[in-house]
Number of protein chains: 2
Amino acid sequence: MKNAIRELRQAKGWSQADLALRLDVSRQTVNALERGRYDPSLPLAFRLAGLFALPIEQIFQPERGD
Amino acid sequence: MKNAIRELRQAKGWSQADLALRLDVSRQTVNALERGRYDPSLPLAFRLAGLFALPIEQIFQPERGD
DNA sequence: CGACAATGTCAAGTAAGCTTTACAATCCGC
DNA sequence: GCGGATTGTAAAGCTTACTTGACATTGTCG
């Protein structure tokens, strides 16, 4: 699962810690998501979508075979 | 997190086992999702959206406070 | 009623998502 | 080059998302 979190975050001029605060997760979680270490839970995906005012499908793209 | 899985599944005339097969998860997982015992992973949410040809936001609705 | 499909549920196990703490590496402005 | 902010990473631990296997309950239809 690919995602555009880093790009969206940087477009807002936020640090990972800033984003973490707004999402109510740890900074390490934001870092792990951006680096693709794992996928967010569905509720967290919704929070991201809400924050960036984008549909989930526009932030996350299932990789082929998924 | 509320979801419309049961309604969508029944509209297709599928049993929980049928849907489980198509999603590549166990029947118990489909049952648990329909009964709201937990939320699906993001990849599984994408598979559901693909199957029913609907955006994720139309299948899942974050409850107030989420 | 009896059989069989569909659904609900429990227990025990594994894997994934997330936390805290802590420290190393990088980047930048002074 | 130093200091502070940002990012990367690791370990240990907890919770949630799944699994298989088994069994109880609830249809429904001859």
Side-chain angles (χ1 to χ4, degrees):
Chain A
M1 193 76 115
K2 277 190 105 32
N3 72 70
I5 300 178
R6 172 157 304 183
E7 293 75 8
L8 293 168
R9 171 179 65 80
Q10 288 174 339
K12 295 274 194 181
W14 296 337
S15 69
Q16 292 182 347
D18 289 335
L19 178 54
L21 259 179
R22 292 174 205 261
L23 290 173
D24 194 37
V25 295
S26 70
R27 176 183 71 79
Q28 287 82 342
T29 293
V30 168
N31 186 71
L33 293 176
E34 288 191 357
R35 313 205 73 248
R37 298 179 55 32
Y38 50 73
D39 297 321
S41 66
L42 189 56
L44 181 48
F46 266 91
R47 274 181 266 154
L48 278 156
L51 240 191
F52 292 122
L54 288 174
I56 289 182
E57 285 85 351
Q58 218 163 318
I59 303 181
F60 301 94
Q61 296 137 23
E63 332 212 14
R64 279 201 56 77
D66 215 15
Chain B
M1 193 76 109
K2 273 189 115 19
N3 72 69
I5 299 177
R6 173 156 305 183
E7 293 75 7
L8 293 167
R9 172 179 65 80
Q10 288 174 339
K12 295 274 195 182
W14 295 337
S15 68
Q16 293 182 346
D18 289 337
L19 178 54
L21 259 178
R22 292 174 205 261
L23 291 172
D24 195 35
V25 294
S26 70
R27 176 184 71 80
Q28 287 86 338
T29 292
V30 169
N31 186 71
L33 293 177
E34 288 191 356
R35 314 205 76 246
R37 291 163 80 25
Y38 49 73
D39 297 321
S41 66
L42 189 56
L44 181 48
F46 265 91
R47 275 180 266 153
L48 277 155
L51 240 190
F52 293 121
L54 288 174
I56 288 181
E57 286 84 352
Q58 217 164 318
I59 303 181
F60 300 93
Q61 297 141 17
E63 335 212 11
R64 294 288 154 263
D66 212 17

Undergrad: Whether A:Asn31 contacts D:dT7 is assessed here as follows: a side-chain N or O lying under 4.0 Å from the phosphate OP1 or OP2. Is that the case?
TA: no

Undergrad: Where the side chain of A:Gln61 meets the backbone of A:Lys2, is there a donor-acceptor pair that is under 3.5 Å apart?
TA: no

Undergrad: Which atom pairs link the protein and nucleotides 21-28 of chain D when you take only N or O atoms and keep those under 3.5 Å?
TA:
from, atom 1, to, atom 2, distance (Å)
D:dG21, O6, B:Gln28, NE2, 2.9
D:dA22, N6, B:Gln28, NE2, 3.4

Undergrad: What N/O pairs connect the protein and nucleotides 25-30 of chain C at under 3.5 Å? Give each pair on its own line.
TA:
none

Undergrad: Give the minimum heavy-atom separation between B:Phe46 and A:Phe60, together with the two atoms involved.
TA: CZ-O, 3.5 Å

Undergrad: Check the phosphate of D:dT9 against A:Arg35, side-chain N and O only, distance under 4.0 Å to OP1 or OP2. Yes or no?
TA: yes

Undergrad: Just the rounded figure in Å: distance from P of D:dA17 to CG of A:Leu44.
TA: 12 Å

Undergrad: Using OP1 and OP2 only, check whether a side-chain N or O of B:Ser26 sits under 4.0 Å from D:dC18.
TA: no

Undergrad: If I take atom CG in residue B:Asp18 and atom P in nucleotide C:dT7, what distance separates them, rounded to the nearest angstrom?
TA: 8 Å

Undergrad: Measure from the side-chain heavy atoms of A:Ser15 and tell me the nearest of C:dT19, D:dT19, D:dT7.
TA: D:dT7

Undergrad: Heavy atoms only: give me the nearest B:Ala49-B:Pro55 pair and the separation to one decimal.
TA: CB-C, 4.5 Å

Undergrad: To the nearest 0.5 angstrom, please state how far the CG atom of B:Leu48 sits from the CG atom of B:Leu19.
TA: 6.0 Å

Undergrad: I want to confirm an ordering. Mapping B:Val30 and A:Arg37 to their closest nucleotides on DNA chain D, which one lands closer to the 5' end?
TA: A:Arg37

Undergrad: Once rounded to the nearest 0.5 Å, what's the spacing between atom CZ of A:Phe52 and atom CZ of A:Arg22?
TA: 9.0 Å

Undergrad: Look at the side-chain N and O atoms of A:Ser41 and state whether any lies under 4.0 Å from the OP1 or OP2 oxygen of C:dC18.
TA: yes

Undergrad: Using every non-hydrogen atom in the two residues, find where B:Ala45 and A:Leu42 come nearest and quote the distance to one decimal.
TA: CB-CD1, 3.9 Å

Undergrad: Under 4.0 Å from OP1 or OP2 of C:dT19: is there any side-chain N or O of A:Thr29 that close?
TA: yes

Undergrad: Closer than 4.0 Å, any side-chain N/O of A:Arg6 to the OP1 or OP2 of D:dG8?
TA: yes

Undergrad: Hey, does the side chain of B:Glu57 reach the backbone of A:Ile56 with a donor-acceptor pair shorter than 3.5 angstrom?
TA: yes

Undergrad: Return a table of donor-acceptor pairs under 3.5 angstrom between the side chains of residues 28-39 of chain A and protein atoms on other chains or two or more places apart.
TA:
from, atom 1, to, atom 2, distance (Å)
A:Thr29, OG1, A:Ser26, OG, 3.0
A:Asn31, OD1, A:Gln16, NE2, 3.2
A:Glu34, OE1, A:Arg6, NE, 2.7
A:Glu34, OE1, A:Arg6, NH2, 2.9
A:Glu34, OE1, A:Arg9, NH2, 3.2
A:Glu34, OE1, A:Gln16, NE2, 3.1
A:Glu34, OE2, A:Arg9, NE, 2.4
A:Glu34, OE2, A:Arg9, NH2, 3.4

